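Below is one structure, written out as structure tokens, with a few remarks after it.
Each chain gets a letter, A, B and so on, in the order the sequences are listed, and its residues count up from 1. Values in this document were obtained by computation on a predicted structure and should not be read as measured data. Scope of the values below: all heavy atoms of this structure, side chains included, with no hydrogens, waters or symmetry mates.
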Number of protein chains: 2
Amino acid sequence: MLDNIARLRRFNRAVTREVGALDHSYLGRGRPLGAVRVLQLITRRGTDIAHIRAKLTLDSGLLSRLLRALEAEHLIHITTDPTDRRRRTAQLTPAGAAEMAAYDAIGYAKATETLARAGNRQQALLDAMDLIATTLLRDQLEIRDADPNDPAAIACLQSYYDLLLEKIDGLTPNMLTLPLSDPDNYRAPHGAFLIAFSDDFPIGTVSLRPLEATIAEVKRLWVAPHAQGQGLARRLMQAIESRAKSVGYIHLKLDSNESLTEALTLYRRDGWSDIPAYTSFPATHWLGKTL
Amino acid sequence: MLDNIARLRRFNRAVTREVGALDHSYLGRGRPLGAVRVLQLITRRGTDIAHIRAKLTLDSGLLSRLLRALEAEHLIHITTDPTDRRRRTAQLTPAGAAEMAAYDAIGYAKATETLARAGNRQQALLDAMDLIATTLLRDQLEIRDADPNDPAAIACLQSYYDLLLEKIDGLTPNMLTLPLSDPDNYRAPHGAFLIAFSDDFPIGTVSLRPLEATIAEVKRLWVAPHAQGQGLARRLMQAIESRAKSVGYIHLKLDSNESLTEALTLYRRDGWSDIPAYTSFPATHWLGKTL
DNA sequence: GATATTACCTGACTTATATCAGGTAACTTG
DNA sequence: CAAGTTACCTGATATAAGTCAGGTAATATC
């Protein structure tokens, strides 16, 4: 155990240096780090000041001063909320957006440098980073509705298809459409497309489409490799089942392939049972559940 | 590529929070972080002030003040170097050592908490952390001589044995001795035990022992999984070969097992060629090289 | 032995970050 | 509608952290 702690501390040292370098680069534009962090939270469409304060746990006095400084630089524009005139909203001005783009460029350059340093281990490095980020940000996991044509949805589907192509013999890319040919099936009120986000990164998905008036089909359950082992698949299934129930469905169906053993185990453990085949290749197993 | 950058930034955010929490905990003992960092570098046996300044890249004025503050708290004791009376050396007092132990306990608690949060993914998390630390600290890699009974050496051998037991059928723990039964064979002047350290963590080893006047044997080449793919094995082999040459050996031998394919490929690519068998199980391949 | 360099110190100053007490306008609630 | 709460602002104050100009021994170099 002591050894593990030592490993973790070595990691902290390594990463402190790296993060410190990034922090320092933010200081290269004549603005304190605190101001930059505030600026990063402000969007073109406007961000509530209270939201910034909560997110960064800043003293109201401090935040007030930082905002004033940013306003004096014409980077942001503060307006009063019409519905509650005590509330204020900060908006990025065009100059502010340009400044953020400059910070972005710095961050991009730093990130590129770090990746380049990894040489031929880039992919391994990124995978390791995903795993750590997902584990440490575990408490920030959020399952949200998304449109099937949303970029995050497309990214999830792409990863899901990659997994299928790797696992299922005989499956070819032309059998998988991207974007989906029937997006409306996955939109409210009769369908759903759920995505699990960790710090705004898609790390899992599941969707629902109508079959008959009281029957819907659960489709495309996927969890990113670095997020596996945390019960996310089960949470996604619970979310989609309760959604189906609230929409009014009574029966659920799904198809799967024998290669997807973990998924099949999960379904069976959660009350799904075998039903007659209702689709063809690549499906080899068909399951149903009554809500 | 842009996507990779986004992944890296998410990692940065996750880790900044974690490291920030650790930093913050250091402030909980009524001492600024800068002072703590200085204190951490000071040992009971004494640390050169110039060394501290170089390591932390501190202004001489700032460091001077921090040291004075620590001295006023009776945590350190500053003496003048007798050989060069401009130089000064800071030593930890018993009170200072006690204070450092308290900081250690804080770090230990924080680390334990982080690991606990990882739940059943602790091992995966630690492996990912090792990979990242080794990659980011790549420039701090150092190959040093060690004693075969040194704790770092024992740790390397243990890992090496674990690898062998996993890869070679028929091998049992009782065939592998730890610590080595013939440590003197691996000590200067006729032998050597090299360890590759990354930020003082052992991540690879190789050793040399005498066979005859002009012939030596290369033994136990091992590289930690998270350090593979960076050419470390080759660097270790080059180091041990040049050591053998400088000691006066002309011929080198080694034995290996067919399961250790990467190692065999490396040897052959670096000028080693097959020789008659000179050992028995678990060896299946025997190679030699003339310096 | 004069001159330069090194190692460290001192004091003045700046900036970033943080905290606190008090104030005002807007909104909520009994 | 009076009293309390909320959202934000202002000004005072503190501390941490870093920079800079100058100073003093001790040592190195020609």
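- At the heavy-atom level, A:Leu63 lies nowhere under 4.0 Å from the strands shown.
- When only modelled atom types and interatomic distance are considered, A:Arg10 and B:Ser198 share a side-chain donor-acceptor pair under 3.5 Å.
- Comment: A:Arg13 engages B:Asp199 in a salt bridge, judged by a side-chain N to carboxylate O separation of less than 4.0 angstrom.
- The residues B:Arg9 and A:Asp104 are annotated as salt-bridged, a charged nitrogen and a carboxylate oxygen being separated by less than 4.0 angstrom.
- When rounded to the nearest whole Å, the span between CG of B:Leu70 and C1' of D:dA17 equals 15 Å.
- Here B:Arg68 reaches the OP1 or OP2 of C:dT10: one of its side-chain N or O atoms lies under 4.0 Å away.
- B:Leu62 has its CG atom 17 Å from the P atom of C:dT14, to the nearest Å.
- One can place CD1 of A:Ile78 at 10 Å from P of D:dC8, the figure rounded to the nearest angstrom.
- Here B:Ile49 lies in heavy-atom contact (under 4.0 Å) with sugar-phosphate atoms only.
- When the side-chain nitrogen and oxygen atoms of A:Arg86 are compared with OP1 and OP2 of D:dT6, none of them lie within a distance under 4.0 Å.
- Side-chain atoms of A:Arg65 stay outside donor-acceptor range of the base of C:dT15, with no qualifying N/O pair under 3.5 Å.
- Side-chain proximity of B:Asp84 to the nucleotides D:dC8, C:dA16, D:dA26 is greatest for D:dA26.
- The nearest whole Å value for the distance from the CG atom in A:Leu66 to the P atom in C:dA16 is 10 Å.
- Rounded to whole Å, atom P of D:dG18 lies 7 Å from atom CG of B:Leu58.
- Distances from the side chain of B:Ser64 to the nucleotides D:dC8, C:dT19, C:dC9 place C:dC9 closest.
- Judged by the 6.0 Å and 45° rule, B:Arg144 forms a cation-pi pair with B:Phe197.
- Spacing between atom CZ of A:Arg53 and atom P of D:dA7 amounts to 7 Å, rounded to whole angstrom units.
- The interatomic distance linking B:Asp48 (CG) with C:dT6 (P) rounds to 16 Å, in whole Å.
- Between A:Arg37 and A:Thr83, the one whose closest nucleotide on DNA chain C sits nearer the 5' end is A:Arg37.
- Along DNA chain D, the nucleotide nearest to A:Arg87 and the one nearest to A:Asp59 differ in position, and the one closer to the 5' end is contacted by A:Arg87.
- Contact annotation: B:Arg88 reaches the phosphate of C:dC9 (side-chain N/O to OP1 or OP2, under 4.0 Å).
- The separation between B:Arg31 atom CZ and D:dT15 atom C1' is 15 Å, rounded to whole Å.
- Annotation: cation-pi geometry not satisfied between A:Arg7 and B:Phe201 (NZ/CZ under 6.0 angstrom from ring centroid, within 45° of ring axis).
- When each of A:Arg85 and B:Leu67 is assigned the nucleotide of DNA chain C bearing its nearest heavy atom, the one mapping closer to the 5' terminus is B:Leu67.
- Between the side chain of B:Ser60 and the base of C:dC9, a donor-acceptor pair under 3.5 Å is found.
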